[in-house]
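Below: one structure, written as structure tokens.
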Amino acid sequence: MTARTSLAAWAGAVLLVLVGCSNDDQAARPSPTKPGEQAPREPGERAAVKWQPRPGTTWQWQLNGRVDTSFDVPVYDIDGFENSAKTVAGLHADGRKVICYINAGAWEDWRPDADAFPEAVRGKGNGWEGERWLDIRQRDTLLPLMAKRMDMCARKGFDAVEPDLMDGYRNRTGFPLTAADQLAYNRGLSKLAHERGLAVGLKNDLDQIPELVGDFEFAVNEECAEFGECAKLTPFINANKAVFHVEYTLPTDKFCRTAKDLGLSSMRKRLGLDPWRDAC
């Protein structure tokens with residue numbers, strides 16, 4: 001064997017080794033994620049939450065009637081069941097973020113998934129026709145149902161979710177709910193939203209804000225000025241997170257100055273949450 005052929009044979013052997021290592025390395029690597037595609041996640045792993053509203057962000061909240069998209073605000077909060085992906089896409093086309101309202105604390109007899117809620121989790125009426133408090137202690141039953149609702153929000157393209165009635169433990173629900181029950185349930189809701197890449201708001205539940213502010217991207221509050229409780233929302237503002245706030249009976253000159261001083265995103269609405277608004 002000549003020196004030339006010996007050298008060629010040696011080089012070929014090295015090349016085979018390198019190719020084999022390269023193939024092994026490629027097999028060990030996960031397939032690359034395509035542009036715009038999220039990498040696969042393990043069950044329960046938090047996805048990247050794409051939106052974090054900041055204090056002072058103006059908003060519109062409408063849960064009844066066809067959504068009036070004419071208000072020049074960066075955030076809309078609308079009913080998740082009653083509105084289509086087309087409506088959400090239209091708001092996005094106008095440069096707006098969109099929050100998906102769902103009821104997480106009460107059963108509603110008109111929702112398409114109402115029959116999926118066992119009778120055992122339905123408690124006393126909460127004062128609204130067709131609604132009954134939920135037994136939030138039964139998380140193994142309720143959280144999978146809420147997961148399906150948040151899947152709906154994600155499919156329709158919403159940016160965030162507003163779970164309603166997150167302070168049942170302070171009400172006469174028909175169940176012996178405790179503060180610990182509420183904390184566990186609210187954190188479970190936050191986890192579900194984050195797994196889907198959705199921001200999530202803490203609705204009312206003022207007394208538990210110190211424990212929960214780290215689990216939520218924003219707060220939604222009703223009537224803190226009416227009851228002299230708006231200062232309880234400052235942990236969200238201090239964390240550079242928006243507080244979306246409404247009053248129903250007080251005129252704006254009775255709460256807007258204080259709301260602005262605190263950094264709240266405030267307006268007056270009618271209780272029916274139709275399109276009308278009177279913003280600070």
Side-chain angles (χ1 to χ4, degrees), residues 44 63 79-81 100-153 161-196 198 200-236 243-246 248 271 273:
L63 300 185
D79 189 281
F81 282 104
C100 182
Y101 171 92
I102 61 172
N103 198 331
W107 175 75
E108 299 164 311
D109 65 5
W110 68 92
R111 296 300 189 186
D113 61 353
D115 291 343
F117 290 76
E119 183 65 30
V121 303
R122 307 177 196 175
K124 292 183 176 179
N126 66 359
W128 292 90
E129 185 178 355
E131 296 189 22
R132 291 164 62 182
W133 289 104
L134 291 172
D135 185 358
I136 61 168
R137 298 172 302 170
Q138 299 192 49
R139 295 191 300 279
D140 288 346
T141 298
L142 293 179
L143 290 178
L145 295 171
M146 296 303 153
K148 291 180 180 180
R149 289 184 170 188
M150 293 192 197
D151 286 339
M152 171 192 69
C153 297
V161 60
E162 179 212 334
D164 198 6
L165 297 180
M166 300 179 76
D167 54 0
Y169 81 104
R170 299 193 64 192
N171 293 271
R172 296 178 179 177
T173 62
F175 306 111
L177 305 181
T178 66
D181 295 327
Q182 195 70 62
L183 282 172
Y185 186 60
N186 290 356
R187 285 184 171 130
L189 293 169
S190 171
K191 183 173 181 287
L192 292 176
H194 291 157
E195 287 171 359
R196 289 152 179 80
L198 297 167
V200 59
L202 180 65
K203 180 70 168 288
N204 297 323
D205 197 18
L206 294 173
D207 291 339
Q208 295 189 326
I209 285 176
E211 291 94 340
L212 292 173
V213 64
D215 296 283
F216 292 84
E217 282 67 51
F218 59 93
V220 179
N221 176 264
E222 298 167 292
E223 299 190 293
C224 67
E226 175 80 16
F227 298 102
E229 299 175 320
C230 291
K232 291 185 177 182
L233 290 150
T234 54
F236 274 95
V243 174
F244 298 120
H245 160 239
V246 298
Y248 297 121
L271 190 59
L273 295 175

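Model, not experiment: these values are computed from the prediction. Position 1 is the first residue of the sequence, and the numbers go up from there.
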In residues 112-124, what donor-acceptor pairs under 3.5 Å come from side-chain atoms, sequence neighbours left out?
residue : atom : partner : partner atom : Å
Asp113  : OD1  : Arg149  : NH2          : 2.9
Asp113  : OD2  : Arg149  : NE           : 2.8
Asp113  : OD2  : Arg149  : NH2          : 3.4
Glu119  : OE1  : Arg122  : NH1          : 3.4
Glu119  : OE2  : Arg132  : NH1          : 3.3
Glu119  : OE2  : Arg132  : NH2          : 2.7
Arg122  : NE   : Phe117  : O            : 3.0
Arg122  : NH2  : Phe117  : O            : 2.6

Next item on the list: Would you please name every residue forming a side chain to side chain contact (heavy atoms under 4.5 Å, CB included) with Ala147, sequence neighbours left out?
Entry: Leu192, Arg196
Note to self: Working to the nearest 0.5 angstrom, can you tell me the gap between Ile209 CD1 and Thr234 OG1?
What the structure shows: 8.0 Å
Notebook entry, point to check: Can you list every salt bridge (Lys or Arg N to Asp or Glu O under 4.0 Å) pair that touches residues 100-112, not counting sequence neighbours?
Noted result: Asp79-Arg111, Glu82-Arg111, Glu108-Arg111
Check: Roughly how far apart are Phe81 CZ and Cys100 SG, rounded to 0.5 Å?
Finding: 8.0 Å
Check: Does Gln208 have any side chain to side chain donor-acceptor pair (under 3.5 Å) partners at least two apart in sequence or in another chain, and if so, which?
Finding: none
Check: Which pair of non-hydrogen atoms, one from Ala106 and one from Glu131, has the smallest distance, and what is that distance?
Finding: CB-OE1, 3.9 Å
Checklist line | side chain to side chain contact (heavy atoms under 4.5 Å, CB included) assessment of Glu217 paired with Leu198 | finding: CA-CA 10 Å; Glu217 282 67 51; Leu198 297 167; over 6 Å; no
Item checked: Residues that Arg139 engages under side chain to side chain donor-acceptor pair (under 3.5 Å), provided they are two or more places apart -> none
Notebook entry, point to check: CG/Leu143 to NZ/Lys191 distance, rounded to the nearest 0.5 angstrom?
Noted result: 9.0 Å
Check: Side chains of Tyr185 and Met146: closer than 4.5 Å at any heavy-atom pair?
Finding: yes
Checklist line | side chain to side chain contact (heavy atoms under 4.5 Å, CB included) between Cys224 and His245, worked out | finding: CA-CA 8 Å; Cys224 67; His245 160 239; 3.5 Å; yes
Checklist line | Shortest non-hydrogen contact from Pro144 toward Thr141 | finding: CD-O, 3.5 Å
Notebook entry, point to check: Who are the ring-ring contact (aromatic ring centres under 6.0 Å, His included) partners of Phe244, not counting sequence neighbours?
Noted result: Trp59, Phe218
Note to self: Would you say that Asn126 contacts Asn171 through its side chain, given a criterion of any heavy-atom pair below 4.5 Å between the two side chains?
What the structure shows: no
Checklist line | Contact list for residues 162-175, test salt bridge (Lys or Arg N to Asp or Glu O under 4.0 Å), sequence neighbours left out | finding: Glu162-Lys203, Asp164-Lys203, Arg170-Asp207
Next item on the list: Could you tell me whether the side chains of Glu223 and Tyr248 share a donor-acceptor contact shorter than 3.5 Å?
Entry: no
Notebook entry, point to check: Who are the side chain to side chain donor-acceptor pair (under 3.5 Å) partners of Gln138, not counting sequence neighbours?
Noted result: Asp135
Between side-chain atoms of residues 176-183 and protein atoms elsewhere (two or more places apart, or another chain), which donor-acceptor pairs fall under 3.5 Å?
residue : atom : partner : partner atom : Å
Thr178  : OG1  : Ala180  : N            : 3.4
Thr178  : OG1  : Asp181  : N            : 3.1
Thr178  : OG1  : Asp181  : OD2          : 3.0
Asp181  : OD2  : Thr178  : N            : 2.9
Gln182  : OE1  : Gly168  : N            : 3.0
Gln182  : OE1  : Tyr169  : N            : 3.1
Gln182  : NE2  : Met166  : O            : 2.8
Gln182  : NE2  : Asn186  : OD1          : 2.9

Notebook entry, point to check: Could you go step by step and tell me if Met150 and Glu195 meet the side chain to side chain contact (heavy atoms under 4.5 Å, CB included) rule?
Noted result: CA-CA 10 Å; Met150 293 192 197; Glu195 287 171 359; over 6 Å; no
Next item on the list: Would you please name every residue forming a side chain to side chain donor-acceptor pair (under 3.5 Å) with Glu226, sequence neighbours left out?
Entry: Thr249
Checklist line | Least distance between heavy atoms, Ala104 atom then Pro163 atom | finding: CB-CB, 3.7 Å
Margin query: Going by side chain to side chain contact (heavy atoms under 4.5 Å, CB included), name the residues that satisfy it together with Ala219, two or more places apart in sequence or in a different chain.
Written below: Leu233, Phe236, Val243
Notebook entry, point to check: How long is the gap from CD1 on Ile136 to OG1 on Thr173, to the nearest 0.5 Å?
Noted result: 8.0 Å
Item checked: Residues Asn204, Val220; criterion side chain to side chain contact (heavy atoms under 4.5 Å, CB included); working and verdict -> CA-CA 6 Å; Asn204 297 323; Val220 179; over 6 Å; no
Note to self: For Phe216 versus Ser190, what's the shortest heavy-atom pair and its separation?
What the structure shows: CZ-CB, 3.9 Å
